[in-house]
Amino acid sequence: MAEAMQERRTDYGPPHYEQFLPPIIKENYGKWKYHELLKPGVLVHVSESGAKLFTVRAASGRLVSIDKIRMFCDLADKYCDGYMRFTSRHNAEFLLSKSENVDPLIADLAKIGHPIGGIGNAITSIVHTQGWVHCHSAATDASGIVKCVMDDLIEYFEETKLPGKLRIALACCLNMCGAVHCSDIAILGVHRRPPVIDHTKVKKMCEIPNVSASCPTAAIRPATVDGLPSVEVIEDRCMFCANCYTVCPAMPLNDPVNDGVSIWVGGKVSNARHEPMFSKLFIPYIPNNPPRWPEVTTAIRQIVEIWAANANKYERLGEWIERIGWPKFFKMTGVEFQSEHIDDFKHAGLTFKRSTHITF
Amino acid sequence: MAEAMQERRTDYGPPHYEQFLPPIIKENYGKWKYHELLKPGVLVHVSESGAKLFTVRAASGRLVSIDKIRMFCDLADKYCDGYMRFTSRHNAEFLLSKSENVDPLIADLAKIGHPIGGIGNAITSIVHTQGWVHCHSAATDASGIVKCVMDDLIEYFEETKLPGKLRIALACCLNMCGAVHCSDIAILGVHRRPPVIDHTKVKKMCEIPNVSASCPTAAIRPATVDGLPSVEVIEDRCMFCANCYTVCPAMPLNDPVNDGVSIWVGGKVSNARHEPMFSKLFIPYIPNNPPRWPEVTTAIRQIVEIWAANANKYERLGEWIERIGWPKFFKMTGVEFQSEHIDDFKHAGLTFKRSTHITF
Amino acid sequence: MADQLPSTPKLDELEKGKWPSFVTEIKMAAKRSPMAADLLGQLEQSYREKIGYWKHGGIVGVMGYGGGVIGRYSALPKEYPGISHFHTMRINQPAGWFYTSDSLRKICDIWEKHGSGLTNMHGSTGDIILLGCRTEELEPVFDELQKIDFDIGGSGSDLRTPSCCCGMARCEWACYDTMALTHDLTMHYQDELHRPAFPYKFKFKMSGCPNDCVASIARSDLSIIGIWRDEIQIDKAAVTEYAEKGMDIQSDVVNNCPGKCINWDGKEITIDDSFCRHCMHCINVMPKALRPGKDRGAMLLIGSKAPIIEGAFLSSILVPFIKIEPPYTELKDLVDKIWDLWCEEGKNRERVGEFIQRVGLSAFLDEIEVEPIPEMVAHPRENPYVFYEDYEDDDEDDK
Amino acid sequence: MADQLPSTPKLDELEKGKWPSFVTEIKMAAKRSPMAADLLGQLEQSYREKIGYWKHGGIVGVMGYGGGVIGRYSALPKEYPGISHFHTMRINQPAGWFYTSDSLRKICDIWEKHGSGLTNMHGSTGDIILLGCRTEELEPVFDELQKIDFDIGGSGSDLRTPSCCCGMARCEWACYDTMALTHDLTMHYQDELHRPAFPYKFKFKMSGCPNDCVASIARSDLSIIGIWRDEIQIDKAAVTEYAEKGMDIQSDVVNNCPGKCINWDGKEITIDDSFCRHCMHCINVMPKALRPGKDRGAMLLIGSKAPIIEGAFLSSILVPFIKIEPPYTELKDLVDKIWDLWCEEGKNRERVGEFIQRVGLSAFLDEIEVEPIPEMVAHPRENPYVFYEDYEDDDEDDK
Ligand code: SRM
Ligand code: SRM
Ligand code: SRM
Ligand code: SRM
Ligand code: SF4
Ligand code: SF4
Ligand code: SF4
Ligand code: SF4
Ligand code: SF4
Ligand code: SF4
Ligand code: SF4
Ligand code: SF4
């Protein structure tokens, strides 16, 4: 066995990217001079050499079957000499050296149900996570909400009529695998009920000191329950982060009645104009309402539209809110400001308004 | 005795201010329309009624003898119908209804050694504390440094040639009675050696649990030393705040070799333009060098002059530094950036530079 | 008596230069007072040896008062017997620090008789500081102060002496009567001021406008800062006058406006007041042409303090706008609620700002029955650690 | 086999609308795979009952690797036996997510044979996610992947699969070769990637410029972001062209510059590069006319992560500028020092950013032998709690 392992090939790493680059890219690698947005979803990059590369960006739901991948491959073969890529936000990108292939490709993409867009001042696809499709922690589904929100916002994907880019992300629990903490709009699955402890399993499945230590608010302490070594949760101190559940399967938080999503706004990642910003809590809680989550789609459309109607050119959502001030934003959207909006974690004091700089 | 107390008058409060207001102020109370700076140190306020009030602001060292107060009284009688006031920064202000009295008053003030100024785009007197004159905690003297710095900067008090206001404050220890934490330039007395514990006195003079609890960095723990109940200090964790000494006289930090001052810059209080800001550490340590503290006066003059030469009109020191960036400010002043400058207290992470927004 | 002055070669250096010299002041007093002379001597020694010579203070005071006197003893009483006791008396100043020469002279007379003859005009909190008094002289000083109607200020864990900017007395921007409020609160809270019963000190400071000339936002547990909520008043003719006299309105005024809400077309200024951040800059620069609006009152901000122990705080908005009119009932009710809660639940030596940060602003608001509003925060929370209110039990789950 | 699909009235709602439907994808796969069909069934139940039905994962894997597989089991294995095991395999993507149809088809073939036929293209860290595999199929999958040269990615407390923007392959702004660096680091650190030995996960992300198209500043323990340090290149003719075509250069470009360092006189643009903050905005708006300078490299920022446990962090500057050229020795040396220290002193489940905040940035820099510089902070400390270095003993006091 040890021998078998010795022989076995490991750690050879991913294939070298070079073999996957279309010739036009290899030739012009590092020599691109500028780009233009030809129309929604279609870019051209022009090289120092004069060569032109056309990019067509097609929507993707990210959760794709091998059937779909094969369809993409067929299109890549047909129009792109067999090359394609995916983007950092999981869209499919087709790289063409021939401009005359652009429209036929788009037509074929439409046939298999993949609109193009998401480039320039648009909304692109939603970075998201597993949800009920695969994760044990999920407080909500991921792909389902994403589908509903994007169905609703499709016009902003297919056109470029917004003041600037708007990025949406979703994570189905506070682990935030979608790294939603710096998005223009973030949808975050939340639990709202403390862990339900299975005292018969704690000792078996979990290391009690680790469990106690895992709680950011020190809500967990060792306890003997019904004669069994276990833990107890001081419910008042629990803010439902589920970190205990991550380290101890005997403490699930999932709950059909109390789980749901929260909406966060005003984050950004790029350094363009304003430094990167975290997203801020906007709607503390919306109950899960599958299959179409109408309250979520309505709330998000409202945010997008108010921003689109009022922001200056290039002004990201967070930049705009910062300019007009949060009180105005709450007023314009009609969302009620509640105690949940006020930070009470470690650096809370620094989020208090420490000046007279307000508007009336 | 209890009876005597009963009879004794207490809690009658300060005299009502109205009896101290000159007639012109009583008549125009709340009716002032605008003001103008007539010349350095002299303001005129014009009322809706057309009445004019002249203010002459005279420097004060704050620590004044009754002899000096009596001299002020004589001037008040001579020129101001017997009225005068002091300012929130401890200068003496003379309020005149007759413009022809202004210059003679100024001349008389000069005779008793009180220059006028500090109004408008100037440096006014230094808010400060007790120092070696009165406080047990002092890591440096207060009045002495203030005198030296103001002697050196007198031109900026007597003239209005700066881009904006510049406020200096001094506190002789971290208790910061001068509230120096929001000053354009702050001078702060610092200890740099952990408390020297007199174990024979701890138990007698202090409550051990209170002492342990007083330490922000949990550097103090109860201990038995030479058979006596006392405390010990984990020196590595001590950052010399002296809070333990405040609650326990048996733990002094005062030390002739290690005490000294630190210089902080860029704070402000007013809401004008920029929100209020805290001062930031600039020079971590300058040894006490009485009687004239030449290193301190030199450092402060340099800061003032570099700011004066480079800031835009109205731009306070902190606003200017924020615009050009701290790296440039360190470069321009030649002060070395050191580990002490990097925050390592509670909210340290929020002071780290979390973007690519730097200049080269 | 001048020949009795100790030799002070170091301190003499501090009589040079143009700024008024505290050494000269001490020497003046020392001509009459042996206390001041011994202060000179000890201070010279401090200057020589680079260390203070004061002992950690003890508790001394005046009958019927729990504070107002800071006990102080020299660590070198044998060398400097005059300052073996050298206590400070904090005397509550009249609002706005206005005086008549008559009242000042009376104070001086008392202090000549019973104290060192040295003062601070004023202390950093605002009191008249009578610097240097023997224990046995405290009562006599108070006795005489009573006769001239000056009372003692705060110290220890009590309300500290409130102070304010000159406001309506001398300034055109005062949005409420700072001196009237200061006097009223001081009188109303005499018991809290004189008998320490709080977890720690509590300070009020009143500024008439956001220029904040008493630094209330940085130095008071409750900062009361004047503000208006309607339109800035514009005098067009005066604007023209400034422009004609050479003011560059675009760069001096417009470009510095943090609300980016001023427009200058070369002839007229217009302000979109709905974006005005009430910073005062434009008004400061053009006092003849611009004035705060007419609907005036104050903003209440809570919690500022020096760094010990949680780090320095600035006050933060508690009530964005409140009318400030006698008898100030709304304000006092709020103050009482805050104190009740803090006295009940605050820890020893925990300032109200630290208390709020410990229990959370939301929880604090809840207890004092103030609704949370977005004006209280720079922005909503960034972390997802939300203490949601009650959850629903499974039993109720019948959907 | 279509008739074997469970009835999914709720999920069917998600086949409506224009955005590509994941339900349609699962149904496509379900036509062939009973695993996908059972996934449909369980998911429909989740949609009905508003709760997920997955068990807390167990440890499963591939021989010789300590990570790369996420164990997953249905909580309802009786109802949905096809997904009683439903593990994820994370496959290391090629840098920049470029593929040939040939390579993709080969992956599909393997996954058709051994797995559910469902994937994520890609996971949020960047891997190819093969979604749904039985324990006994893991080895066979790996066996076949070997043959087509695809290797496993990271999971657990190890280096996670590095990822990067398309950089020089498709973008004119790449200040260094992101794909080359990503591939090199991935190969160099195969052991760290495959055998968890860290206190917790560690992520690299490489962006070619401050637009940061892989969100590295928010999502990676070490963010490597391209930047230049000389002057922005200006093509005057192209500027004129933009202006003529109607761009309002003053309001679109100049007024949005955070460094306030661009001047437009109606004819020419000039930039005071010494104030440029490298934000990219002007270049983004005028790609034909403006380009990053020629002296290019990268900035290293450290410590970003999701909220658990200390709250979310953004990366902060560690090295403002470093040349990025093979064999990247300086960079690797630095990474090794950081890992050595963090592995030695980091607590279990403590990300490097949390570690730095716990021990203090200065102390951290000291250990990894990097000099502190002002570029690392937004501003120097505001609190006076300074840990001064060694004090002098009294004995030395002979002044
Ligand atoms: C393809 C992709 C990189 C990749 O290797 O996969 C990419 C490609 C380009 N980005 Fe990006 N960005 C991509 C993700 C991002 C991200 C990451 C993210 O969203 O998670 C960001 C940071 C977002 C944020 O700040 O929250 C990002 C922030 C930008 C910006 C800054 C926009 C701003 O004003 O803040 C620009 C500049 C611009 O658009 O003017 C930019 C510009 C560009 C350019 C124009 C660069 C070029 O010359 O090729 C590319 C096409 C623009 C477009 O999509 O509008 N790219 N870009 C990613 C496409 C994702 C997608 O499918 O939609
Ligand atoms: C007399 C005094 C109030 C009092 O009741 O005692 C006062 C009086 C005035 N202040 Fe003040 N300020 C006084 C302390 C302050 C303070 C408090 C402090 O320094 O501790 C501040 C906040 C300082 C800070 O931000 O750090 C202060 C920030 C201002 C400002 C805002 C300046 C800025 O650009 O940030 C103005 C507006 C201006 O000067 O244009 C102002 C304006 C004024 C005006 C013009 C108001 C008026 O119309 O009467 C007065 C004379 C101006 C001058 O001195 O230049 N006053 N002023 C205080 C004089 C102190 C002294 O002796 O020098
Ligand atoms: C006299 C005065 C300084 C001065 O020279 O003006 C003063 C002097 C002392 N202060 Fe203060 N504080 C004085 C205003 C302040 C201020 C400024 C203010 O009120 O605007 C502050 C900062 C603002 C604040 O309240 O945070 C201040 C923050 C402190 C602190 C730190 C409190 C904190 O919560 O951080 C202490 C330590 C303590 O309370 O134990 C302190 C303690 C002290 C003690 C009593 C020393 C002690 O630990 O026992 C000092 C007595 C010195 C002496 O022997 O004369 N003093 N102290 C000021 C009072 C004069 C007056 O009544 O008018
Ligand atoms: C698959 C993926 C989500 C997705 O749908 O794309 C994922 C899925 C999981 N993540 Fe994640 N994370 C994924 C990218 C991320 C990211 C985003 C990134 O890498 O850019 C983050 C935020 C950035 C960061 O690293 O902080 C992320 C932050 C977490 C955390 C919180 C870590 C923290 O330090 O705060 C956890 C909890 C943990 O580690 O115990 C976690 C844990 C998990 C676990 C393993 C659940 C668990 O506690 O055991 C999830 C398995 C789900 C499942 O059954 O499939 N995942 N996780 C992503 C990996 C795919 C890939 O390899 O490409
Ligand atoms: S965000 Fe939470 S629920 Fe969603 S995939 Fe990550 S760990 Fe699972
Ligand atoms: S969910 Fe979070 S806060 Fe609640 S007990 Fe578990 S670890 Fe603690
Ligand atoms: S700052 Fe410190 S040393 Fe100075 S008076 Fe206040 S408590 Fe005393
Ligand atoms: S000086 Fe401050 S940090 Fe040092 S032991 Fe005393 S209380 Fe603690
Ligand atoms: S705070 Fe405002 S009202 Fe008071 S003196 Fe200063 S400028 Fe005038
Ligand atoms: S007060 Fe300040 S924010 Fe308001 S208009 Fe004037 S400058 Fe602008
Ligand atoms: S990060 Fe910069 S270099 Fe990379 S794709 Fe985005 S814009 Fe281009
Ligand atoms: S990159 Fe940004 S900061 Fe630099 S000149 Fe352009 S807009 Fe200004």
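Fair warning: this is a prediction, and the values are worked out from it, not measured in the lab. So you know, we letter chains A, B, ... as the sequences are listed, proteins then strands, and number each from 1.
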Is chain A contacted by the side chain of [X], its backbone, both, or neither, given a heavy-atom distance below 4.5 Å?
{"X": "D/Glu49", "value": "backbone"}
{"X": "D/Met187", "value": "side chain"}
{"X": "D/Tyr176", "value": "neither"}
{"X": "D/Thr186", "value": "side chain"}
{"X": "D/Ala36", "value": "neither"}

Looking at [Y] and [X], is there a salt bridge between them, counting it only when a charged N and a carboxylate O are closer than 4.0 Å?
{"X": "A/Lys31", "Y": "D/Glu172", "result": "no"}
{"X": "D/Glu25", "Y": "A/Lys68", "result": "yes"}
{"X": "A/Glu155", "Y": "D/Lys18", "result": "no"}
{"X": "D/Arg105", "Y": "A/Asp74", "result": "yes"}
{"X": "D/Arg170", "Y": "A/Glu93", "result": "yes"}
{"X": "A/Lys313", "Y": "D/Asp252", "result": "yes"}

(request) Output, in order, the C-alpha distance, side-chain angles, deciding distance and verdict of side chain to side chain contact (heavy atoms under 4.5 Å, CB included) for D/Lys16 and A/Asp151. (result) CA-CA 8 Å; D/Lys16 297 173 185 166; A/Asp151 278 348; 5.6 Å; no
Do [X] and [Y] have side chains that approach each other closer than 4.5 Å (heavy atoms only, starting at C-beta)?
{"X": "D/Ile26", "Y": "A/Ser65", "answer": "no"}
{"X": "A/Cys148", "Y": "D/Leu14", "answer": "yes"}
{"X": "A/Ser88", "Y": "D/Cys164", "answer": "no"}
{"X": "A/Tyr245", "Y": "D/His56", "answer": "yes"}
{"X": "D/Met28", "Y": "A/Met71", "answer": "yes"}

Using a distance-only test with no angle check, is there a side-chain donor-acceptor pair under 3.5 angstrom linking [X] and [Y]?
{"X": "A/Asn210", "Y": "D/Arg349", "result": "no"}
{"X": "D/His194", "Y": "A/Thr10", "result": "no"}
{"X": "D/Ser101", "Y": "A/Asp77", "result": "yes"}
{"X": "D/Asp177", "Y": "A/Tyr29", "result": "yes"}
{"X": "D/Asn256", "Y": "A/Glu315", "result": "no"}

Quick check on [X] against chain D: is it the side chain, the backbone, both or neither that has a heavy atom closer than 4.5 Å?
{"X": "A/Ser214", "value": "backbone"}
{"X": "A/Lys346", "value": "side chain"}
{"X": "A/Cys80", "value": "neither"}
{"X": "A/Tyr314", "value": "side chain"}
{"X": "A/Glu319", "value": "neither"}
{"X": "A/Pro216", "value": "both"}
{"X": "A/Asn175", "value": "both"}
{"X": "A/Val127", "value": "side chain"}
{"X": "A/His181", "value": "side chain"}
{"X": "A/Ser47", "value": "neither"}
{"X": "A/Phe72", "value": "neither"}
{"X": "A/Leu153", "value": "neither"}

(request) Quickly, which of A/Gln130, A/His128, A/His90 forms a side chain to side chain contact (heavy atoms under 4.5 Å, CB included) with D/Asn120? Name it, please. (result) A/Gln130
(request) List the steps and the verdict of side chain to side chain contact (heavy atoms under 4.5 Å, CB included) for D/Leu131 and A/His134. (result) CA-CA 8 Å; D/Leu131 210 59; A/His134 204 265; 3.9 Å; yes
(request) Check step by step if side chain to side chain contact (heavy atoms under 4.5 Å, CB included) holds for D/Leu314 and A/Cys182. (result) CA-CA 9 Å; D/Leu314 283 158; A/Cys182 298; 3.7 Å; yes
(request) Measure from the ring center of A/His114 to the ring center of D/Trp19 and say whether it is less than 6.0 Å. (result)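 Not under 6.0 Å, so no.
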(request) Kindly state whether the ring of D/Tyr53 and the ring of A/His136 have centres lying under 6.0 angstrom apart. (result) no
(request) Would you check, one step at a time, whether the test side chain to side chain contact (heavy atoms under 4.5 Å, CB included) holds for A/Arg9 with D/Asp149? (result) CA-CA 10 Å; A/Arg9 192 172 156 236; D/Asp149 285 329; 2.8 Å; yes
Just so I understand: if I count every heavy-atom pair under 4.5 Å between each of [options] and chain D, which residue has the most?
{"options": "A/Met84, A/Arg70, A/Lys26, A/Arg89", "answer": "A/Arg70"}
{"options": "A/Cys135, A/Pro22, A/Ala92, A/Gly61", "answer": "A/Cys135"}
{"options": "A/Met150, A/Met176, A/His16, A/Lys147", "answer": "A/Lys147"}
{"options": "A/Asn91, A/Asn288, A/Leu75, A/Asn243", "answer": "A/Asn243"}
{"options": "A/Gln19, A/Met205, A/Glu18, A/Glu158", "answer": "A/Glu158"}

Check whether [X] reaches the backbone of [Y] with its side chain - one donor and one acceptor, N or O, closer than 3.5 Å.
{"X": "D/Tyr99", "Y": "A/Leu21", "answer": "no"}
{"X": "A/Arg8", "Y": "D/Asp143", "answer": "no"}
{"X": "D/Trp111", "Y": "A/Ile66", "answer": "no"}
{"X": "D/Asp151", "Y": "A/Pro14", "answer": "no"}
{"X": "D/Thr100", "Y": "A/Gly82", "answer": "no"}
{"X": "A/Arg292", "Y": "D/Glu13", "answer": "yes"}
{"X": "A/Arg85", "Y": "D/Gly96", "answer": "yes"}
{"X": "D/Trp54", "Y": "A/Trp132", "answer": "yes"}
{"X": "A/Tyr17", "Y": "D/Gln93", "answer": "no"}

Within this structure, what is the [atom1]-[atom2] distance for the pair [X] and [Y], rounded to the nearest 0.5 Å?
{"X": "A/Leu63", "Y": "D/Thr119", "atom1": "CG", "atom2": "OG1", "answer": "7.0 Å"}
{"X": "D/His281", "Y": "A/Asn271", "atom1": "NE2", "atom2": "CG", "answer": "13.5 Å"}
{"X": "A/Asp141", "Y": "D/Ile51", "atom1": "CG", "atom2": "CD1", "answer": "13.0 Å"}

